[in-house]
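Remember, it's a predicted structure, so these values are computed and weren't measured experimentally. Residue numbers start from 1 in every chain, and the chains themselves are labelled A, B, ... in the order their sequence lines are given, proteins ahead of strands.
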Amino acid sequence: MFWADKIAASTQGEQVVNDSKTPSGRVHVGSLRGVIVHDVIYRALKRAEKPVKFLYGIDDYDALDSVPNYLDRDKFVPYLGQPLCNVPSPGEGASDYAKYYSSEFFEVFDNLGVRPQIYYLRDLYREGKLNPYIDRFLQNAHLVREAYKQVSNADRAENWYPFQVICQHCGKIATTVVSDYNGKEVFYTCKPDAMSYVEGCGGSGWVSPFDGNGKLPWKVEWVAKWDLLGVTIELAGKDHSQKGGSRDVANAIYRKVYGKKPPFHSPYEFILVGGTKMSSSKGVGASAKEISELLPPELLRFLMLRTQPKTAINFSPNYETITRLFRDYDTAIEKYEKLLASEENPQLSKDLLALYYSQVGDAIRTYQPFDFSTLISLLQVPHLDIKAEVEKRSEQPLDKTDWEVVNERIRVAQKWLDDYADPEEKLVLYFDEIPESTGDLEVEQRQYLSQLADNLENLEDWEGEALQTEIFSTSKALGLAPKKAFPAVYRSFLGKERGPKAGNLLSYLEKSFVVKRLRDVAIAA
RNA sequence: GGGCGAUUAGCUCAACGGCAGAGCUACAGACUCUUAAUCUGUUGGUUCGGGGUUCGAAUCCCCGAUCGCUCACCA
């Protein structure tokens with residue numbers, strides 16, 4: 001059974017799936033794992049025809065705790081410690097910092113077909129929705145302290161309260177400590193030494209904790225959200241899911257203060273991104289936005305969900321990884337088509353369910369696959385009419401959908417070549433020097449190149465087909481197997497054993513250059 | 001030091017108590033203009049090591065190794 005269907009099958013009654021994110025900056029591609037995991041669980045529940053809602057919260061009352069290195073430090077340092085919804089937007093088109101980065105993230109959601117009901121913590125606080133929870137946690141601060149102590153062995157002072165107000169003097173929320181509560185107002189101090197990354201202003205006073213004047217600490221806030229929204233399923237990254245970790249603490253608080261059972265939980269693993277291959281100099285990297293601009297949505301979903309949540313995913317946008325992703329997807333598509341041809345309403349196996357849940361829409365979109373790695377190769381051949389080439393190499397005539405898929409892949413392949421490919425992953429023509437690897441050529445191969453140079457020199461029609469014929473017939477005439485002949489040619493120009501169709505390749509080069517190079521290689525020791 | 005997770009073919013992963021598998025790679029063939037293409041086939045395993053439970057263990061238990069994450073605050 002597919003992992004998400006297992007979770008769906010274990011539930012009873014109406015389900016509320018929840019996930020959330022602090023919009024502290026650009027979102028790394030790894031953050032998409034949680035998003036996709038929850039989306040797939042949501043879809044699995046729908047597929048099982050169980051009543052379900054999917055919520056996504058933006059924790060924009062959290063404090064700005066560092067200035068990302070891609071922002072102007074001087075401009076944002078003054079806002080350290082303030083709620084993200086009160087920090088100015090770093091760019092056009094958003095009212096504030098939190099909205100700016102969360103809407104960037106939501107564009108990716110939209111692209112991936114993830115459509116949860118979105119809510120903002122600022123609204124929950126300011127509209128007073130969390131007031132009853134704030135009151136209850138303040139009244140029962142001792143129970144919260146107990147939970148912290150028992151679960152994660154963290155000591156809290158006797159007069160510690162699970163609440164932080166926004167300082168009325170300096171606007172920071174991270175530095176305030178509440179030390180008293182009279183049922184209507186709390187007494188707070190904005191402490192200079194409360195946080196390592198920012199100093200409080202030293203102000204203090206009595207203030208109402210309600211209607212957006214402050215927030216609950218994260219672990220406590222989590223509980224309030226669960227109860228307010230009726231959350232029944234919420235997974236968390238494994239960093240939160242350790243024994244004694246934040247999820248454990250939140251669970252304990254929910255049990256202690258409300259006597260209720262916490263939502264279903266299971267940790268999910270990270271996505272490990274091979275950092276060295278990332279080209280930061282080209283300004284591209286592994287942000288969720290960048291990767292979603294590179295990969296077609298169903299491929300990105302496929303990457304995230306075919307692996308069960310508790311297994312780590314290794315992903316780098318290098319040749320090996322990215323071509324494999326496309327190939328695996330195509331393999332699944334072909335398997336599905338075969339199944340479809342043999343049965344009316346086929347039962348989907350586990351791998352095909354991964355394909356199903358990868359779709360942005362409701363049905364699996366089938367097409368005639370055209371190998372992605374071949375496209376990467378073809379795009380590097382100068383002056384090649386790629387569409388004609390695709391047509392020629394496809395078994396069946398391509399229909400409208402096929403072309404859509406191919407065109408999308410051409411775009412991806414080109415973008416990958418431009419922004420992500422390492423030099424050694426690209427086709428390199430050696431114009432100025434003879435590739436080193438020609439040194440290993442055998443005597444017969446050198447004789448062949450020499451003969452080929454003579455034949456080509458006399459060739460009148462410098463054109464792909466004719467060149468291909470000449471390369472081939474020369475090898476026949478000398479009795480040298482094509483398996484030896486062609487690599488000799490490729491090595492002379494590319495330094496590799498293989499390459500694009502040799503005739504075409506040479507036809508794009510100057511005749512004099514080709515002849516000279518062949519002779520140079522032939523006589524070199 | 002404590003905790004959690006992982007470790008299966010060269011690589012990426014599947015199998016989750018019932019014959020250890022797939023894709024890619026590699027290798028070998030086929031296609032008598034044949035070159036990043038296509039097709040066929042083959043190789044490849046002490047399931048990290050050691051012990052135990054079981055009729056039966058990659059799977060469950062114990063000990064150990066390696067790797068990753070985590071264990072003040074914040075999230």
Distance, rounded to the nearest Å, where [X] contributes [atom1] and [N] contributes [atom2]:
{"X": "A/F372", "N": "B/rG23", "atom1": "CZ", "atom2": "P", "result": "22 Å"}
{"X": "A/R247", "N": "B/rC4", "atom1": "CZ", "atom2": "P", "result": "18 Å"}
{"X": "A/L352", "N": "B/rG23", "atom1": "CG", "atom2": "P", "result": "15 Å"}
{"X": "A/D62", "N": "B/rA75", "atom1": "CG", "atom2": "P", "result": "6 Å"}
{"X": "A/D371", "N": "B/rA36", "atom1": "CG", "atom2": "C1'", "result": "9 Å"}
{"X": "A/R306", "N": "B/rA22", "atom1": "CZ", "atom2": "P", "result": "18 Å"}
{"X": "A/E269", "N": "B/rU12", "atom1": "CD", "atom2": "P", "result": "15 Å"}
{"X": "A/Q308", "N": "B/rU59", "atom1": "CD", "atom2": "C1'", "result": "13 Å"}

In terms of side-chain heavy atoms of [X], which of [options] is nearest?
{"X": "A/K310", "options": "B/rA6, B/rA75, B/rA37", "value": "B/rA6"}
{"X": "A/H240", "options": "B/rU34, B/rA14, B/rA75", "value": "B/rA75"}
{"X": "A/T311", "options": "B/rA14, B/rC11, B/rA75", "value": "B/rA14"}
{"X": "A/T374", "options": "B/rA75, B/rA36, B/rU32", "value": "B/rA36"}

Practice prompt. Check the surroundings of atom CD in A/Q308: do more than 12 heavy atoms from other residues, nucleotides or ligands lie under 6.0 Å from it?
Written response: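 Yes, CD of A/Q308 has more than 12 neighbouring heavy atoms, counting only those of other groups under 6.0 Å.
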Quick one: does any side-chain atom of [X] pair with a main-chain N or O of [Y] as donor and acceptor, under 3.5 Å?
{"X": "A/W3", "Y": "A/L305", "result": "yes"}
{"X": "A/R301", "Y": "A/Y357", "result": "yes"}
{"X": "A/S246", "Y": "A/K219", "result": "no"}

Worksheet item: For RNA chain B, which ranges pair as stems of 3 or more consecutive Watson-Crick or G-U pairs, with both donor-acceptor distances under 3.5 Å?
Response: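 When the pairs of RNA chain B are grouped into runs of at least three, the stems are B:1-7 with B:65-71, B:10-13 with B:21-24, B:26-30 with B:38-42, B:48-52 with B:60-64.
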Worksheet item: With a non-hydrogen cut-off below 4.0 angstrom, is A/T331 in contact with a base, only sugar-phosphate, or nothing?
Response: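 The answer is nothing, as A/T331 stays clear of every strand by at least 4.0 Å.
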Practice prompt. Could you check whether A/R327 gets within reach of a base, just the sugar-phosphate, or nothing at all, counting any heavy atom under 4.0 Å?
Written response: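 Answer is sugar-phosphate: A/R327 comes under 4.0 Å of backbone atoms only.
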Quote, to the nearest angstrom, the [atom1] distance that separates [N] from [M].
{"N": "B/rG21", "M": "B/rU59", "atom1": "C1'", "value": "15 Å"}
{"N": "B/rG49", "M": "B/rC55", "atom1": "C1'", "value": "26 Å"}
{"N": "B/rG18", "M": "B/rA65", "atom1": "P", "value": "30 Å"}
{"N": "B/rG17", "M": "B/rG41", "atom1": "P", "value": "33 Å"}
{"N": "B/rC19", "M": "B/rU47", "atom1": "C1'", "value": "15 Å"}
{"N": "B/rG5", "M": "B/rC61", "atom1": "P", "value": "10 Å"}
{"N": "B/rA15", "M": "B/rC48", "atom1": "P", "value": "15 Å"}
{"N": "B/rC60", "M": "B/rA72", "atom1": "P", "value": "30 Å"}

Worksheet item: Quick one: CD1 on A/I253 to CZ on A/F137, what's the gap to the nearest 0.5 Å?
Response: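 One finds 6.5 Å between CD1 of A/I253 and CZ of A/F137.
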Discussion item. Closest-nucleotide mapping onto RNA chain B: is A/F486 or A/L216 further toward the 5' terminus? I mean the 5' end.
Written reply: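 Upstream on the strand: A/F486.
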Fill in: 5′-ward residue of the pair A/P267/A/S377 relative to RNA chain B
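The answer here is A/P267.
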Worksheet entry | Pairwise side-chain contact, A/D123 with A/Y61, heavy-atom cut-off 4.5 Å (strictly under) |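 Sidechains of A/Y61 and A/D123: no contact.
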Worksheet item: Should A/R33 and A/I313 count as side-chain neighbours, where that means a heavy-atom distance under 4.5 Å?
Response: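 In short, these two side chains touch, coming nearer than 4.5 Å.
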Item to complete: Specify the closest pair of heavy atoms between A/W403 and A/K387, including all atoms of both residues, with the distance to one decimal.
Response: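 Between these two residues, the closest heavy atoms are CH2-O, 3.6 Å.
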Let me have the donor-acceptor pairs involving side chains of residues 96-105 of chain A, under 3.5 Å, with sequence neighbours excluded, atom names and distances please.
residue: A/D96; atom: OD1; partner: A/A98; partner atom: N; Å: 3.1
residue: A/D96; atom: OD1; partner: A/K99; partner atom: N; Å: 2.9
residue: A/D96; atom: OD1; partner: A/R122; partner atom: NH2; Å: 2.9
residue: A/D96; atom: OD2; partner: A/R122; partner atom: NH1; Å: 3.0
residue: A/D96; atom: OD2; partner: A/R122; partner atom: NH2; Å: 3.3
residue: A/Y97; atom: OH; partner: A/S24; partner atom: O; Å: 2.9
residue: A/S102; atom: OG; partner: A/A98; partner atom: O; Å: 2.6
residue: A/S102; atom: OG; partner: A/K99; partner atom: O; Å: 3.4
residue: A/S103; atom: OG; partner: A/K99; partner atom: O; Å: 2.7
residue: A/S103; atom: OG; partner: A/Y100; partner atom: O; Å: 3.1

Item to complete: Report the relative orientation of the aromatic rings in A/F326 and A/F372; use parallel for angles under 30°, tilted for 30 to 60°, perpendicular for over 60°.
Response: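 Plane angle under 30°, so parallel.
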Interface polar pairs with nucleotides 69-74 of chain B, N/O, under 3.5 angstrom:
residue: B/rC73; atom: OP1; partner: A/R156; partner atom: NH2; Å: 2.7

Practice prompt. Ignoring hydrogens and angles, state whether a donor on the side chain of A/Y125 or A/E221 is under 3.5 Å from an acceptor on the partner side chain.
Written response: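 Result is yes, a qualifying pair exists.
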